[in-house]
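Here is the structure we will look at, set down as structure tokens.
Sequential numbering from 1 along the given sequence is applied to the chain's residues. If you're wondering where the values come from, they're calculated on a predicted model, not measured in any experiment.
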Amino acid sequence: MNVRRSAAVLAAVAVIGAATPAAAAPSPSPSQAFPSALYGDKDPRYDGVWRQSLALLAQHTVGVKPAAKSVEWLVRQQCADGSFAPYRADPTAACDARTLVDTNQTAAAIQALTALGGHDAVTGKAVTWLKSVQNKDGGWGYMPGGASDTNSTSVVIGALAAAGEKPQQVEKGGKSPYDALLTLALGCDGDDAGAFAFQPDKKGRLAANADATAAGVLGALGQGMVVKPGETSEAAKGQACEDKKTPEQAAANGAVHLTKALAEDGHLTSPTPGSDPQPDYGNTADAVVALAAHGDTGQAAKSLRWLEKNAAPWAAQNGPAAYAQLIFAAHATGTNPRDFGGIDLVKRLNATGPAPQTAGQTRAAEEKKSDSDVFGVWWYVGVCLVAGVGIGFLFSGRRKKQQP
């Protein structure tokens, strides 16, 4: 008898003694009949595992239990060697040389499945595969064997950390992932001081890249996509770019660059050929997470407020991964994702795929169990009363027999 049922028994004995429904996700046309377990209604050939992983990780972050079939779909996308491809229409068919697996989808799946728990065999194989395709400079490219880039190296660092590995000890040729990141960090001279490049160009030169800088800050800090809300770091106050070559300093320099880039308008921009630069919502959300991770909570909060006012149409157009990015940004700044500029990011994310095992469903199950418990309690009390009456008659009969 558990505590709650015990309390119910005592209570029974004492008595005897005295937001609008979420919109349904758009249905794909018959020619685009994607798996029902998949989040999003756009072609998943290039980002299926990525967006599924972000969606499940975001749901877990806000306390929503994903649909079991959605988690199972992600698990079944894994190849026998541990890697993940963006999308395998027939997961029963073995992966071969034509299956385009990549480090980013694999690392994202590790972060999601590790957070959900219960998938150690899957994530263990995935980590082993990532280690097997690590480059000699310590980093990773998008495709196995490709030149290391900041974004891929950083998302793998996040996956390693999530899986309980120590990224600084994952080496190839004596080089760790942090060694690779340091080679991709710009110095402290010029307007782009402290930024990260995506990759060197053909002449080996580094060009600042806002997306890579946000990723590089997280990677250099050993953080994944989900960052716990924190207080302003003393180290982040009055920080200036310094050429000291350590992962911590590279992260600090990247944070300085991001703060400067965000200060004027509150957002990053995406140059569009032939037109004026446009706001870059996704990279701004990633920058908020990176700054929060470093302790630059002031600028992170300002840019989060800009996203609250402006990012909803972008997320609606881009689907589950975009909603997940905004949820990660809200979580990192201690903002309620269910009231994000007047919209419920969680509800909108949930509407892009199968209905999750929501708190409402859990409450219904608990209430059903509670009703069963209460019935059992009254049955138990009734038995006790009948037994009490019987015992009373028994004692009464004995007393009568004992009377002369």
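- When only modelled atom types and interatomic distance are considered, Asn350 and Gln59 share a side-chain donor-acceptor pair under 3.5 Å.
- To the nearest 0.5 angstrom, Asp243 atom CG is 6.5 Å from Asp189 atom CG.
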(request) Carefully, step by step, assess Leu304 and Phe340 under the rule side-chain contact (heavy atoms from CB on, under 4.5 Å). (result) CA-CA 9 Å; Leu304 194 284; Phe340 189 84; 3.8 Å; yes

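- When side chains are defined from C-beta on, Pro86 does not count as touching Trp50, because their heavy atoms never get closer than 4.5 Å.
- Side-chain atoms of Glu248 and Tyr178 include no donor-acceptor pair closer than 3.5 Å.
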(request) Assess whether side-chain contact (heavy atoms from CB on, under 4.5 Å) is satisfied between Leu218 and Val289, documenting all intermediate values. (result) CA-CA 8 Å; Leu218 279 179; Val289 176; 4.1 Å; yes

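- Annotation: the span from Ser53 atom OG to Ile110 atom CD1 amounts to 9.5 Å, rounded to 0.5 Å.
- A salt bridge does not link Lys203 to Asp201: none of the charged side-chain nitrogens sits closer than 4.0 Å to a carboxylate oxygen.
- Considering every non-hydrogen atom in both Ala185 and Leu206, the closest pair reads O-CD1, 3.8 Å.
- Atom NZ of Lys125 has more than 12 neighbouring heavy atoms from other residues, nucleotides or ligands inside a 6.0 Å radius.
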(request) Evaluate side-chain contact (heavy atoms from CB on, under 4.5 Å) for Thr352 paired with Tyr39, printing each intermediate quantity in order. (result) CA-CA 6 Å; Thr352 66; Tyr39 277 80; 3.3 Å; yes

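- Shortest non-hydrogen contact noted between Asn318 and Lys42 is CA-NZ, 4.2 Å.
- Taking the side chain as every heavy atom from C-beta outward, Asp102 and Tyr142 approach each other to under 4.5 Å.
- Looking only at distances, a side-chain donor or acceptor of Thr333 sits under 3.5 Å from a matching main-chain atom of Ala330.
- No donor-acceptor pair closer than 3.5 Å links the side chain of Ser148 to the backbone N or O of Gly141.
- Between Ser83 and Val101 the shortest heavy-atom distance is OG-CG1, 3.2 Å.
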(request) Evaluate ring-ring contact (aromatic ring centres under 6.0 Å, His included) for Tyr281 paired with Trp306, printing each intermediate quantity in order. (result) CA-CA 10 Å; Tyr281 303 95; Trp306 182 88; 5.4 Å; yes

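- Of the possible donor and acceptor atoms, one in the side chain of Arg88 sits under 3.5 Å from a partner among the backbone N and O of Gln78.
- Note that NZ of Lys175 is 9.5 Å distant from CG of Leu182, once rounded to the nearest 0.5 Å.
- Summarising the geometry of Tyr87 relative to Pro44, their closest heavy-atom pair is CB-O, 3.1 Å, with the distance given to 0.1 Å.
- Contact check for Lys172 versus Lys131: no side-chain heavy atoms found under the 4.5 Å cut-off.
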(request) In sequence, state the C-alpha distance, the side-chain angles, and the governing distance for Asp96 and Arg98, and then conclude on salt bridge (Lys or Arg N to Asp or Glu O under 4.0 Å). (result) CA-CA 5 Å; Asp96 56 28; Arg98 295 172 296 178; 3.2 Å; yes

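- When the shell of 6.0 Å around CG of Asp191 is examined, it contains 12 or fewer heavy atoms from other residues, nucleotides or ligands.
- Although no hydrogens or angles enter the test, the distance criterion places no donor-acceptor pair under 3.5 Å between the side chain of Ser303 and the main chain of Ala300.
- Taken from CD in Gln134 to CH2 in Trp140, the straight-line distance is 4.0 Å, to the nearest 0.5 Å.
- Annotation for Lys228: atom NZ does not count as buried by contact number, only 12 or fewer foreign heavy atoms lying within 6.0 Å.
- The backbone N or O of Ser176 lies less than 3.5 Å from a partner atom in the side chain of Asp179, making a donor-acceptor pair.
- Between the His257 side chain and the Gly194 main chain, no donor and acceptor come within less than 3.5 Å of each other.
- Put simply, the side chain of Gln52 gets close to the backbone of Ser70: a donor and an acceptor are under 3.5 Å apart.
- Nearest heavy-atom pair, Ala55 versus Ala324, reported as atom, atom and distance to 0.1 Å: N-CB, 4.3 Å.
- At distances below 3.5 Å, not a single donor-acceptor pair connects side-chain atoms of Asp296 with backbone N or O atoms of Ala292.
- At a threshold of 4.5 Å between non-hydrogen side-chain atoms, the residues Thr103 and Val155 do not count as touching.
- Side chain of Gln223 to backbone of His294: no donor-acceptor contact under 3.5 angstrom is found.
- Side-chain contact between Pro66 and Leu116: present, with at least one pair of heavy atoms (C-beta onward) separated by less than 4.5 Å.
- Using a 4.5 Å cut-off on side-chain heavy atoms (C-beta onward), Pro279 and His267 make contact.
- Annotation: side chain of Thr284 is in contact with side chain of Leu307 (closest heavy-atom distance under 4.5 Å).
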(message) Applying side-chain contact (heavy atoms from CB on, under 4.5 Å) to Asn283 and Ser270, what does each step give before you reach the verdict?
(response) CA-CA 9 Å; Asn283 285 341; Ser270 176; over 6 Å; no

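- Side chain of Asn135 to main chain of Asp137: no donor-acceptor pair is present (N/O by atom type, distance under 3.5 Å, no hydrogens or angles).
- For the side chain to side chain contact (heavy atoms under 4.5 Å, CB included) criterion with Phe328, the lone passing option out of Val288, Leu54, Val227 is Leu54.
- The two residues Asn310 and Pro313 have their closest heavy-atom pair at O-CD, 3.5 Å.
- The distance from the CD atom of Glu308 to the CG atom of Asn336 is 9.5 Å, given to the nearest 0.5 Å.
- Residue His60 holds its NE2 atom at 10.0 Å from OG1 of Thr114, rounded to the nearest 0.5 Å.
- Looking only at atom types and distance, the side chain of Asp280 has no donor-acceptor partner in the side chain of Thr269 under 3.5 Å away.
- Using modelled atom types, one finds no donor on one side chain facing an acceptor on the other under 3.5 Å when comparing Ser154 with Asn151.
- Side-chain contact between Leu291 and Thr297: absent, with no pair of heavy atoms (C-beta onward) separated by less than 4.5 Å.
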